[in-house]
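Below is one structure; the comments refer to it alone.
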Amino acid sequence: VLKVVVLKPTTVVDPKSASVLDARLRARSSVLVVWGEWPRVEARLSAERIAWAGVERGRGRLHRRELRVAVTRGGRRSARDLVLP
Amino acid sequence: MRVLVAWCPDWSVTAGLFELAETEGALRSTSNQPAAVLSNNVVEVCNAAARAEGVRRGQRRRDAQSRCPELVLLTANPERDARYFEPVLATIEELRPGVAPIRPGLMAVPAPGRYFGGEAHAAALVAQHLVDAGVWDCRFGVADDLFTAEQAARQAMVQDCRVVPAGASATFLRELPVRVIADVTDGGAEGRELADLLRRLGLMTLGDFARLSAAEVSNRFGGFGLSVWQRARGGAPTALGSRTPPPELACEIGFEPPLESAEAVCFSVRTTAERFVRGLAERQLVAVAVRIEAEADGVVTSARTWLHPRCFTSRDLVDRVHWQLQAGTAGSGLRSRRDSGEVRAAIERVRFLPETVEPAADHADGLWGGGADEQVTRGVARVQAMIGFDAVRTPVLQGGRSVADRQASVPWGERPVGLRPLDRPWPGRIPGPAPARVFASPLPADVVDESGRTIAVTERGVVTGELWRYRIEAAADIAVRRWTPVASWAGPWPVDDAWWLSSEVAGGRGRSARFQVVGVDGRAWLLVWRSEGWEVEAGYD
């Protein structure tokens, strides 16, 4: 079982408290996913080139989404196309 | 073995009136109020006062009300009947162990031979106890077997006892009409059919039926007929399924002198909470719902049922006591360390009552440890202890037309109640993938057609023009505050609801239509048209 903590900070988190949380996460062997800014992250995910499919002019409904997800990990960057859902 | 049967006629009505008096808090006279229990709009049971007005079993609701306009209508609820019968059983159990509940309103005990000065005296004593408990209409019958005793109880007057002497069951039963078979407990529809059949065959009394031979009855009326025949002869063996009294699991503690602060109460209830959990654990049970009552000046000042996502430990219980006592005071949301937790009235008694218990095996840790669930529960419990019970919430889905209506949240550990059901069709609902971001209050927006006129939707659901450009007024990022050309759009999904509410209550309800709009920048929005203008309800980020 993978333990995941999802967080959306409402204020800016300073590096000191972030490192305290880091240590706790490592002890519990869990993953923190943050929506927003976070100091010293391992990887940064971003969505690019979003395109919605299924809608025409006045017809259909939102059906699926094609997007390119880019991962920035320590300076290296890789990207891949995804279709959701 | 002699059997004493206690019968409370029309128990469903009595239980319903008890519940009514409890919920309304009004001390209305429950005895002479005409009342009826209905199921499927047909009178199922009615009490004597209603019968005197002409209400009958099997009548339709409207007919019953026209006969007796002040009739109290109660819904059928077998659970309620059983629940209110439980204290009656306990009352009799105090006098005589081995009570066998037959159905709500009817029970049997082995008749005491010599104690209480004979059978009639014993019945009078039981009657007195029942009247003290609030059940004034109870009748008793004593006989050699269960069937005869029940019939005797039905013949008795209110709070009276009819004793059939030993060996005289057959004589007593001989004169009874065959329609009493329709009411035998284990019969149901079969009993009614048999009673009807016997009447049509010209067997008018139980004596006529009993005179047939066993082989004839067995041939013609089958196994059920044979068992009724044995009872009608007064020779059926009596086997009482006596119950063991339920164990006393509730715990309470009294304070002398009464305690003023919640902290002191919490400190003092710790051992009681431990005793409560241990008492359950000895029977291999755990509590998942506990009712906590606090008494001040002899009255229950605060009572509440608490649920737990797993099962209660003594520490959880102490936390619940603290939240409950704090709930009434100001500043209950955040609990600081300096806050001594003044309570409104000095608490003199705290009681723990288990509402739902489950076998401990269902909640035991697995062989490879409890896993993440337990850690999450423990962590959330600590957060709850810090910031209060209501501050930690779990999102749940409910039914609704707009996306904001479909969201709901309940405090962690509570069961969601009072939500709109999900399994209804909800016409006008937006299909497809749910939007990622739903705005708490919709942002004002504007949508225009090619020539710059604001788009509207007519009463017949026709869109006045092609959606060309849109603008969101109060968005956080600048990019969408400018006019953005529409790449594609879908809709409208028209909804016309809550027009019967005034506008300030409804919060701008009425006629509306929803559109899914995709801009040229690739972002999709859920836009709502109302007669007042356009709004953004959600964004498909």
Side-chain angles (χ1 to χ4, degrees), chain A residues 1-13 17-18 20-38 44-72 79-85, chain B residues 366 368-380 383 395 403 428-437 447 449-450 455 457 461-468 476 479 485-493 513-527 538-541:
Chain A
V1 182
L2 182 67
K3 294 170 208 165
V4 181
V5 180
V6 181
L7 185 69
K8 185 181 180 188
T10 48
T11 54
V12 178
V13 180
S17 43
V20 170
L21 281 173
D22 259 357
R24 176 63 65 90
L25 287 166
R26 211 168 292 127
R28 301 265 174 195
S29 61
S30 44
V31 179
L32 178 68
V33 178
V34 182
W35 181 359
E37 285 301 311
W38 193 261
R44 210 178 281 275
L45 286 162
S46 55
E48 301 165 353
R49 285 223 317 245
I50 304 165
W52 282 93
V55 185
E56 294 164 45
R57 299 202 72 88
R59 201 177 309 150
R61 63 176 173 86
L62 289 184
H63 202 68
R64 68 171 191 278
R65 160 164 60 167
E66 288 150 20
L67 75 166
R68 164 163 291 200
V69 176
V71 184
T72 319
R80 171 156 305 187
D81 288 330
L82 287 180
V83 178
L84 296 174
Chain B
W368 311 112
D373 281 356
E374 196 190 344
Q375 279 184 12
V376 169
T377 313
R378 209 179 296 147
V380 171
V383 175
V403 282
R429 191 165 63 99
I430 304 292
R437 182 160 40 150
V447 182
D449 61 6
E450 208 170 349
I455 304 272
V457 178
V462 178
V463 188
T464 53
E466 176 82 18
L467 276 70
W468 201 253
V486 172
S488 56
W489 58 280
W493 283 272
R514 294 195 167 78
F515 292 84
Q516 289 175 334
V517 174
V518 183
V520 286
D521 54 354
R523 300 178 75 168
W525 301 93
L526 182 60
L527 292 162
Y540 293 87
D541 285 341

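Naming convention: chains lettered A, B, ... in sequence-line order (proteins, then strands); numbering from 1 in each chain. Computation of the quantities below employed the complete heavy-atom set of this structure, encompassing side-chain atoms and omitting hydrogens, waters and symmetry-equivalent molecules.
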Taking only residues two or more places apart in sequence or in another chain, which ones pass side-chain hydrogen bond (donor to acceptor under 3.5 Å, both in side chains) with A:Arg68? A:Asp81
Residues that A:Thr11 engages under side-chain hydrogen bond (donor to acceptor under 3.5 Å, both in side chains), provided they are two or more places apart: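 side-chain hydrogen bond (donor to acceptor under 3.5 Å, both in side chains) check on A:Thr11 returns nothing, list empty.
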Taking side chain as everything from C-beta outward and backbone as N, CA, C, O, which of these in A:Arg64 sits under 4.5 Å from a heavy atom of chain B? Side chain, backbone, both or neither. neither
With side chains defined as the heavy atoms from C-beta onward, is the minimum distance between A:Leu62 and B:Val518 less than 4.5 Å? yes
Check B:Pro433 against A:Trp52 and note the closest heavy-atom contact, atom names and distance. CG-CZ3, 4.4 Å
Please report the shortest heavy-atom distance between A:Gly60 and B:Ala490, naming the atom on each side.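 Here A:Gly60 and B:Ala490 meet closest at O-CB, 3.1 Å.
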Begin from the C-alpha positions of A:Ile50 and B:Asp521 and carry the test side-chain contact (heavy atoms from CB on, under 4.5 Å) through to its verdict. CA-CA 8 Å; A:Ile50 304 165; B:Asp521 54 354; over 6 Å; no
Determine whether a donor-acceptor pair (N or O, by modelled atom type, separation under 3.5 Å) exists between the side chain of B:Gln516 and the backbone of A:Arg61. no
Name the region of B:Tyr540, side chain, backbone, both or neither, that has any atom closer than 4.5 Å to a heavy atom of chain A.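 Both parts, backbone and side chain.
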Proximity breakdown for B:Ile430 and chain A, heavy-atom pairs closer than 4.5 Å: neither
Distance in Å, B:Glu466 CD paired with A:Arg57 CZ, rounded so as to fall on 0.5 Å steps: 4.5 Å
